[in-house]
Amino acid sequence: MEKFSIDGPGFINVTLSPDYWRSLLPEIIASGAKYGEIDLGKGQKIQIEFVSANPTGPLNVVSARAAAVGDVLVSVLNLAGFDAWREYYVNDAGRQIRLLGASVAARYATLCGHAEDVPEDGYQGEYIIDLAKEIRSELGDELMQLDAGERAEKLSQIALDKMLALHRQAMDAYRVHYDLWFRESSLRAAGKHFDVLNVLREKGLTYEKEGAVWFRSTDFGDAKDRVLITREGEPTYFLVDIAYHKDKYERGFEKIYDLWGPDHHGYIDRVSAALQALGYAKENFQVRIIQQVNMLRDGEVVKMSKRAGNIIEMREIVDEVGVDAARYFFIMRKLDSPLDFDIELAKKQTDENPVFYVQYAHARLYNIIVHGREKGVELEPDADLSVLNEPEEFAVMRKLGEYPEIIRRIAELMEPHHLTTYLIELASTFHSFYQKHRVISDDRSLSRARLVLVEATRTVIHNALGLLKITAPERM
RNA sequence: GCGCCAGUAGCUCAAUUGGAUAGAGCGUUGGCCUCCGGAGCCAAAGGUUGGGGGUUCGAUUCCCUCCUGGCGCACCA
């Protein structure tokens, strides 16, 4: 530290010495991918559940946003000292799967020459027909020999497996690799939801009304009580979901965070109520709502309607703009803000596109090091850095020093957009330096020192892009 | 009607959770390549932070109220 000063009410300014900033550079290079590591989490086990889309239809663009956000959050949390885990909840049981089976069965029967209507509340989408066609091409008409009930049951399992495989492929292509795809059916098979029901009942937190079993969630802050067992005797999605969340704690997670879509915010209080009723601390279960995505083409919002069948699928958007741009654009905004995704902009390979701005900076940095080597100036992390005295050099060093703080902020606030904002700032700070000063020149000692600055900058950009799982190109 | 979220430069968004002169990108205007990548840089213009109250040394941030937009208010998931 160089000096303290008191400047106005509430401000104490601390000036750090030039040597402090210079010493950061070899540290960054030595740390490599570990630069930015902090001990915020202290090894705490934390689970992030995200996407968890129903396997009854294709993944949409909201899932693509959630997938990018959840994936990056876990990476950042791990860097911040947590033991973080990616999980996907597969709703592979219950009413909707029966409807999936019935819908596919109707299309299948129709293809086999026995015209049948898709049930009123079934799935009408084009993809159901595709599924039916695929199944028929594999199995022929043989399922027509079963009675209608068995056929629907059989087809629901086949369709489920196929949808699930598609979802896994889409996530894989998107570079999201879950630690676990958790099956709802496994909870049901083990009767875990009935265990929950019994516990709540023993605590006197349930009652019967109009033939259904209710949970007194209002005792724990919910707006109204909720049904656990329907009049028909079926467990609700809610009951099984309580069991799922309880199971997370039983598997050793100390904190469980869910990322949900905006249409689920009314659901938060009841799950929180149930977990509190079961004795878990309120603050260990948190839900972040990820707002909607508006797809734009040439500045116009693309109208999407599930009914009309013109939804944009996750796969389509990733195929069209590429994984790098898609991930970047979906991370770019604060979770609370609706996100405008301009498809044409994401595809542009120009300065209008922030992805290319950052990737360009990395390619340029890499190239400078190559150029230095060609000129006989090797990268030496222990070079004498006292020759670095330009304001633009210190601006870059200060920016590099911010990185661990960015990691902390993202981990504490669960807001990954700070990473893309930071990358733009770092790239911009470096470009300003680069424009004004030459790295490789006749002054050997200055060249060596600046190469250290370049490599440290390259390392941080590389690390940040790594967290985003966006490629850091050596040339473009 | 009730609840959640948003409203910041012409456009798309930030602002280290209450701090200093509210910052970037795009767009506009004017400059910069004999030279490590011009996919870059510099400069200028552009703001009553949706309106109005309040809290205090200090508010984009917290509270109240109103306006606008999105979403939700199932024995669906």
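Here the structure is a predicted model, which is why all the values come from computation and not from measurement. The analysis underlying the following values was restricted to heavy atoms, covering all of them including side chains, and did not include hydrogens, waters or symmetry mates. Here is how names work: the chains are called A, B, and so on, in the same order as the sequence lines, proteins then strands, and each is numbered from 1.
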Inset, instruction - Describe, in one word, how the ring planes of Phe430(A) and Tyr434(A) are oriented to each other, choosing from parallel (under 30°), tilted (30 to 60°) and perpendicular (over 60°). - result: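 Tilted: the ring planes of Phe430(A) and Tyr434(A) meet at 30° to 60°.
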Legend entry - Geometric class of the Tyr267(A)/Phe238(A) ring pair [parallel <30°, tilted 30-60°, perpendicular >60°]: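 Correct class here is perpendicular.
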Which part of the nucleic acid does [X] contact within heavy-atom distance under 4.0 Å: base, sugar-phosphate only, or nothing?
X: Gln292(A); result: sugar-phosphate
X: Lys334(A); result: sugar-phosphate
X: Phe238(A); result: nothing
X: His437(A); result: base
X: Ala361(A); result: nothing
X: Asn54(A); result: sugar-phosphate
X: Arg231(A); result: base
X: Glu210(A); result: base
X: Lys375(A); result: nothing
X: Ile406(A); result: nothing
X: Met476(A); result: base
X: His431(A); result: sugar-phosphate
X: His418(A); result: sugar-phosphate
X: Arg226(A); result: nothing

Would you say [X] reaches [N]'s phosphate, i.e. side-chain N/O to OP1/OP2 under 4.0 Å?
X: Tyr366(A); N: rC36(B); answer: no
X: Ser432(A); N: rC42(B); answer: yes
X: Tyr357(A); N: rC41(B); answer: yes
X: Ser337(A); N: rA14(B); answer: yes
X: His417(A); N: rA15(B); answer: yes

Inset, instruction - Name the orientation of the base relative to the sugar in rC33(B): syn if the glycosidic angle is within 90° of 0, else anti. - result: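 Syn, which is what one calls it when the glycosidic angle falls within 90° of 0.
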Inset, instruction - Pull up the glycosidic torsion of rU61(B) and say syn or anti, syn being anything within 90° of 0. - result: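 Anti conformation for rU61(B).
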Inset, instruction - Take atom P in rC33(B) and the same atom in rG38(B), then report the distance between them in whole Å. - result: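 That atom pair is separated by 13 Å.
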Inset, instruction - Pick the C1' atom in rG51(B) and in rG7(B), then give their distance to the nearest Å. - result: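 rG51(B) and rG7(B) have their C1' atoms separated by 12 Å.
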Legend entry - For rA44(B), the Watson-Crick or wobble counterpart (both distances under 3.5 Å):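 In the structure as shown, rA44(B) has rU28(B) as its Watson-Crick or wobble partner.
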Inset, instruction - Could you tell me which nucleotide pairs with rC2(B) by Watson-Crick or G-U wobble geometry, both distances under 3.5 Å, or answer none if nothing does? - result: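 Pairing partner, where one exists within any strand: rG72(B).
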Inset, instruction - Between Gln291(A) and Pro338(A), just flag the one whose closest nucleotide in RNA chain B comes earlier from the 5' side. - result: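 Nearest nucleotide further toward 5': that of Gln291(A).
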Inset, instruction - Between Arg270(A) and Arg333(A), just flag the one whose closest nucleotide in RNA chain B comes earlier from the 5' side. - result: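 Of the two residues, Arg333(A) wins.
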Inset, instruction - Kindly state whether the ring of Phe182(A) and the ring of Tyr88(A) have centres lying under 6.0 angstrom apart. - result: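 No, ring centres 6.0 Å or more apart.
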Legend entry - Enclosure of Asp39(A) CG (heavy-atom neighbours >12, cutoff 6.0 Å):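 Atom CG in Asp39(A) is packed in, count exceeds 12.
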Legend entry - Side-chain donor/acceptor contact of His264(A) with base of rG72(B) under 3.5 Å: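 In this structure, the two groups form no donor-acceptor pair.
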Legend entry - Length of the line joining Tyr434(A):OH and rG37(B):C1', which is rounded to integer Å: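 In whole Å, rG37(B) C1' lies 6 Å from Tyr434(A) OH.
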Inset, instruction - Return the minimal non-hydrogen interatomic distance between Tyr357(A) and Ser428(A), and the atom names on each side. - result: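 In this case the closest contact between Tyr357(A) and Ser428(A) is OH-CA, 3.0 Å.
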Inset, instruction - Considering non-hydrogen atoms only, spot the tightest contact between Thr420(A) and Met332(A) and give its length. - result: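 Thr420(A) and Met332(A) have their closest heavy atoms at OG1-CA, 3.6 Å.
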Legend entry - Pairing of Arg450(A) and Glu393(A) as salt bridge, 4.0 angstrom limit: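 Yes, Arg450(A) and Glu393(A) are salt-bridged.
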